Amino acid sequence: MFLHFPLVLMESNAWTQFVRFWSFQDRAVQTAALGVLLLAISSGTLGCFIVLRRMSLLGDSLGHAVLPGVCIGYLVQLRKDPWWIVSGALVSAFLASWLIGFIRRHTRLKSDAVMGLVLSGFYGVGTMLLTWIQRIPAGNQSGLNGFLFGQASAISERDLYVMGALSLVIVGLVMALFKELVLASFDEGFASTIGVPVRTLHYLLMGLTAIAVVIAIQAVGLVLVSAMLITPAATALLATDRMRSVVILSVLFGVFSGMVGLSVSFLNSHYPTGPFVVLTLALVFAGMYLFSPRYGVASRAIRRRRQSQRTQRENVLKSIYHSLAGCANAVKINELATLRQETPAEIRSTFSMLMRRGWAQLEGDQARLTDAGLRRAQELDRNYRLWEQFLTDEINLPIDHTQRDAENIEHILGPELVRELEARFEQRHD
Amino acid sequence: MTDFTQFIPPFRLSEHVLELWQEPQLYDTSMTVLMGFLVSAVCGWIGCYLILQGMALLGDAISHTVLLGIVIVVLLGGSFGGPAMFCGAALTGLATTLLIEALHSTSRVKEDAATGIVFTSLFALGVVLIGIFAGRAHIDTSHVLFGNLLEVANGQPYRIGRWALPVPVAQMSLLAVLIAGLIGAFYKELLVVSFDPQLAASLGLRPRLIRYAMMAMLSVAVVGAFESVGAILVVAMLISPAATAYLLTRRLSMMFLYSTIASGLSSLFGFHLAYWLDVSPAGAMVTVSCSLFTIAFLFGPQQGIVAKSVRHWRLRLRTQQENLLRCLLEQGAVAESPAAQLHQLAVSLGLSRWSTALAVWRLRRRGWLLASQNQFQQVALSFAGRQEAERLERAHRLWETYLVEHVGLAVDHVHPTAEEIEHLLSDQLVEKVDDALGHPDTDPLGEPIPRSSIADWSPGVFSLSKLRIGDRARIVGLGDSPVELTGALRDSDPNPACEVVGLVLTLGQELKVTARNPQPAIWVVVLGDGHSRSIPHHLADRILVQRLTPPATDSVTTTSPSGASY
Amino acid sequence: MSTTAVPPNPPPIEVHDLTVSYDKKPVLWNIDVSFPEGQIIGIIGPNGAGKSTLIKSIMGLMPAESGWVKVYGQPLARQRRLVGYVPQRESVDWDFPVTVRDVVLMGTYGKLGLFRRPGKAERELCDHCLMQVGMAAFADRQIANLSGGQRQRVFLARALAQDSRIYLMDEPFVGVDAATEAAIIELLRTLKRQNRTLLVVHHDLQTAPEYFDSMLMLNMRLVAFGPTQEVFTTPLLQKTYGGRLTILSEAAEQVAGTRR
């Protein structure tokens, strides 16, 4: 019962294969790449809505649920005729999505259990059919196994037409109904009160998901197809805040991972495409999870660290400024330390940051501000006072609370808001 | 189009079923079926908790990711099914859970998407490793997809005395005992955790810890099942028997029983199905298992679709019949009076000919309706039918009165609701309404409310509060009334026994109700000796009387059954 | 019951014998009320009294079991544009990748209809609405970075963009700061001066008499409806908040049990 993969490319040196893939000269490579492109576009577009509507399991369920349809589509002609296979898969996916809704309405079972049940039921029947097909004459050469983990090299040109037509349906409908889909996904209740047919849209999305799954199974396989829907969209959601950019990025991530995964799987004819594509997607996701400029875990940590350094720095600057305002033009590090209730070592390390910026100078143990440092300190001091006043006036906080809040928050105020505050208070104090 | 039915072998009972259970095939058959049963049962038990806690998705995820653990252990030189593999799998399961949690708690990725991403990625990694190290790992992708249940019996047997069990079966049995033991030992903790995690936390249990333990257990079970059913079909074993059981019962202990039975049946039938069609036994098992679910879904005694539609249909029939009865009562079509024209009735109730005919047929069968000779053209209520109609009329009018007086609806707005609700209220609730309203004689529109026909607590004995103006009765009891009728509402009153004594009533005294005050409800009675008493509601409930006269003043009702008895 | 001809000036919202069930269990019984035009009307009642349910079933978000709702004498389906809706803040995912302006633009979708994209006119309208609620500076912010009060203001701006005659608001004052609360009530009064009708679910009895011209007191059934000074009385409040009607709840359970 070993999986059978057609040998499209002869085994050869990995580098030659790699070059051969990325030059896109080979007809087989072109077809496969085009197939992956179509699938990345369709699942990337649709996946955004699936992730935002928290229907992730649906993609997985429908993915597994197409197996019996694929098998029956094969049995009709006893060969891999794209139209029959696609029709079989679609019927089976639609049936599964209807069943999910039907069982959900009529039992107390939670929706995840229902989806798991439909998924495994269809997959079980599909497994039976698949093993049965392998027993019948000619069935062993069916190549149906390629649908499980994907075999992009098995995409034929006829397949491409079918995939292209279906992708067009998905992209066209999503673009035409973009505004309504966004609204219905964001706020279903509100959408229905202004007359958006939310139920129809929901079923439409389920139907389109079924189509997206069918497009994807030849290249990434039905077992892992849900990753094509979920991962690029989730990655894009970590990267940006605009719905349009989310869709575009999701497609881009899908295309990139698809191509990389495909090129790796071309290195060896035994390699299925799906796992490599999914693994690439996972790496892209991990990268974005850590280093997304706005929402990355690592970038946020770095930002937080910088912020706290800055707070520390400016607090010391301010302390120096206040000490100077009182008496001499220099202050001792030790005095600063008592003032700020920190150890002299801590002050020294912060102070070295001030010096690097050219805000302060150290003469012996005497700290002194430069002209630039003085200007900066004055600015900070003014911001601080503005903020303090703003808080007391607007929110009626007791003054001691204001003190503490202002100390931390003045560093966060941008120049824009400061100007706004200034204008407001000047107006008021006139 | 090809005729692929030609590839389906004919089913022969002896070849595909009976011979398998005889020597020499008996051993292989029984071991395979046993293995299938064990795998499915163990997964099913854990599945019960997954379903109750809404963690089916996590179960799905872990059953996939365990593959990675298995592949890594095999690549590191661990043996298949050895202790290293079970540990590796448990760790992978835990890692999956933690990874998913970390992902959705530290970023804006929602839980479902996090689960999807983690499990597809780890599973893909597992498959890729298999692909790259195909030579070294003794697993291939078909294993992952379908498992191989039939090879179970071929392995080296493990002997315990006379018994010989193939190693995987022995292992799985051990696992089953272990997991059953754990579930048994922590039954009540697991119950609390799945029912209400917050309660569990407040009781000092550690819901998270228990959850992790369960996931580790699940991973171990998946490893046990991996060889025979593959990584993907395990999901079916986790969910399907448990979901079937969930439809059949609402008790956790019974869920275990039903899911075990479902596992046994699916293993047995699945094996024979697979043998007959020569297909993957795991796939066949899952197919049978899901068919069992379908059967439970359709024909379950409580929640099955068929049972539910039958119940709804019956309710509709009952509503139609009851409307017909009341309509007849209102038209005065009772035993001796002229009978009503059936088709006119049907028109006024908005019923089709067929529904009317069906309703009449059913009512006649119960003896509630008398039909004229010329086949159902004219109908009238029988004595029993009239009692039933009065009961309904009473429920209807009392509910109307309640809606007006307590819910605060306008008099002309109550009818549509009362029409519907009256069919659904229990007699007990109707009596409660009666009591709360102070046992009124008429509804807000001035229509008389029929008397209650249910005897109060012994035949012919009522509480005084049920008497109406003009009724004559003899006192047969003083003290507490039946708790289920009034007790609950009267608890706050001052000691009623003393107050009853204050009224100076004696057993056997005759009395006649001469007047009634509706709000607050007070009965004015004249005793045999000519004195009168005003009896408030809560005391009237506690004075038991036997009626002496048939009620003459009632316009709609004639005799209630208890009144007729003497 | 007498059938009356449609009056020449139909009320903004007329609710007739509305019974609403949740999972087959009646939660609102025979609500029969018609709201006058140009008022701020509070809907008050204890938790679980069906306040939100009433709003939702008026908006057609929950199907009525019996009875009907008319908006200016017509069924809601034909009058959707006259009714604006402000849902509870928790009802949406605030991580959604849209900006404040996008959300407010959604208010214009009803008028735009299918397939048409919002244009310059809609954008200007939406900026104007944002200014009215004091959120103009935040137009390009992603909605996740807003405080509770700011989120409520965004929802209000979206409702303003709908430019409706009637507004239904589900607990707009929950979890907002004092400044926002004052701003919202000021906005409601402005709308009222434009002769619009506002239905507001509210649960703070302290502020209720100050905010509302009329009040509807609800506890599974309509307890009272009328001008605030007439209905905001101790006996009616006790009737509203004095626990459930046990028989009504029991009947609801039985009805649900028999129907399931």
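Note that the coordinates shown come from a computational prediction; the quantities given were computed from them, not determined experimentally. Residue numbers start from 1 in every chain, and the chains themselves are labelled A, B, ... in the order their sequence lines are given, proteins ahead of strands.
- Of the atoms belonging to B:Val286, it is side-chain heavy atoms, and not backbone ones, that fall under 4.5 Å from chain A.
- Taking chain B as the reference chain and counting heavy-atom pairs below 4.5 Å, the highest number among A:Leu129, A:Val297, A:Ile103 is found for A:Ile103.
- When each of B:Val234, B:Leu50, B:Leu103 is scored by its heavy-atom pairs under 4.5 Å with chain A, the top score falls to B:Leu103.
- In this structure, CD1 in B:Ile117 is found 7.5 Å from OG in A:Ser56, a value given to the nearest 0.5 Å.
- Heavy atoms of B:Met285 lying under 4.5 Å from chain A are absent altogether.
- Counting heavy-atom pairs closer than 4.5 Å to chain A, the top-ranked of the candidates B:Ser291, B:Gly59, B:Ala113 is B:Ala113.
- Checking B:Tyr246 against A:Thr107 by side-chain atom types alone, no donor-acceptor pair falls below 3.5 Å.
- The greatest number of non-hydrogen atom pairs below 4.5 Å with chain A, out of B:Asp60, B:Thr106, B:Val109, is found for B:Thr106.
- Considering only heavy-atom pairs separated by less than 4.5 Å from chain B, the leading option among A:Val114, A:Val223, A:Leu281 is A:Val223.
- Contacts with chain A were tallied for B:Leu125, B:Val279, B:Thr287, B:Ile51; B:Val279 has the most, counting heavy-atom pairs under 4.5 Å.
- Rounding to the nearest 0.5 Å gives a distance of 8.0 Å between CG of A:Asp60 and CG of B:Leu57.
- Interface residue B:Leu273: only side-chain heavy atoms are found under 4.5 Å from chain A.
- A:Met55 touches chain B through its backbone: at least one of N, CA, C or O sits under 4.5 Å from a heavy atom, while the side chain does not.
- Nearest heavy-atom pair, A:Asp112 versus B:Ala56, reported as atom, atom and distance to 0.1 Å: OD2-N, 3.1 Å.
- For the atom pair CE of B:Met55 and NZ of A:Lys110, the computed distance is 10.5 Å after rounding to the nearest 0.5 Å.
- The part of B:Ala102 that comes within reach of chain A is its backbone (N, CA, C, O), which places non-hydrogen atoms under 4.5 angstrom from that chain.
- At a 4.5 Å heavy-atom cutoff, the contact between A:Phe285 and chain B is made by side-chain atoms alone.
- A:Tyr271 places a side-chain heavy atom less than 4.5 Å from the side chain of B:Ile132.
- Chain B forms more heavy-atom pairs under 4.5 Å with one residue of A:Leu109, A:Val125, A:Val264 than with any other, namely A:Leu109.
- Counting heavy-atom pairs under 4.5 Å between each of B:Glu111, B:Arg108, B:Lys110 and chain A puts B:Arg108 at the top.
- Only the side chain of B:Phe297 comes within less than 4.5 Å of a heavy atom in chain A; its backbone stays farther off.
- In this structure, CG on A:Leu119 lies 12.0 Å from OG on B:Ser240, to the nearest 0.5 angstrom.
- Per-residue heavy-atom pair counts under 4.5 Å with chain B were compared for A:Met128, A:Met115, A:His64, A:Arg300, and the maximum is reached by A:Met128.
- The choice from A:Leu279, A:Ile230, A:Val277, A:Leu229 that makes the most heavy-atom pairs within less than 4.5 Å of chain B is A:Leu279.
- Pairing each heavy atom of A:Ser120 with each of B:Val235, the nearest pair is CB-C, 4.3 Å.
- With a 4.5 Å cut-off on side-chain heavy atoms, A:Thr127 and B:Ile232 do not count as touching.
- When B:Cys290, B:Gly116, B:Ala236 are compared by the number of non-hydrogen pairs under 4.5 Å with chain A, B:Ala236 comes out ahead.
- Residues of residues 302-310 of chain B having a heavy atom under 4.5 Å from any heavy atom of chain A, listed by number: B:Gln303, B:Ile305, B:Lys308.
- B:Asp112 touches chain A through backbone and side chain together, each having a heavy atom under 4.5 Å away.
- Among A:Leu117, A:Val118, A:Leu237, A:Ile50, the residue making the largest number of heavy-atom pairs under 4.5 Å with chain B is A:Leu117.
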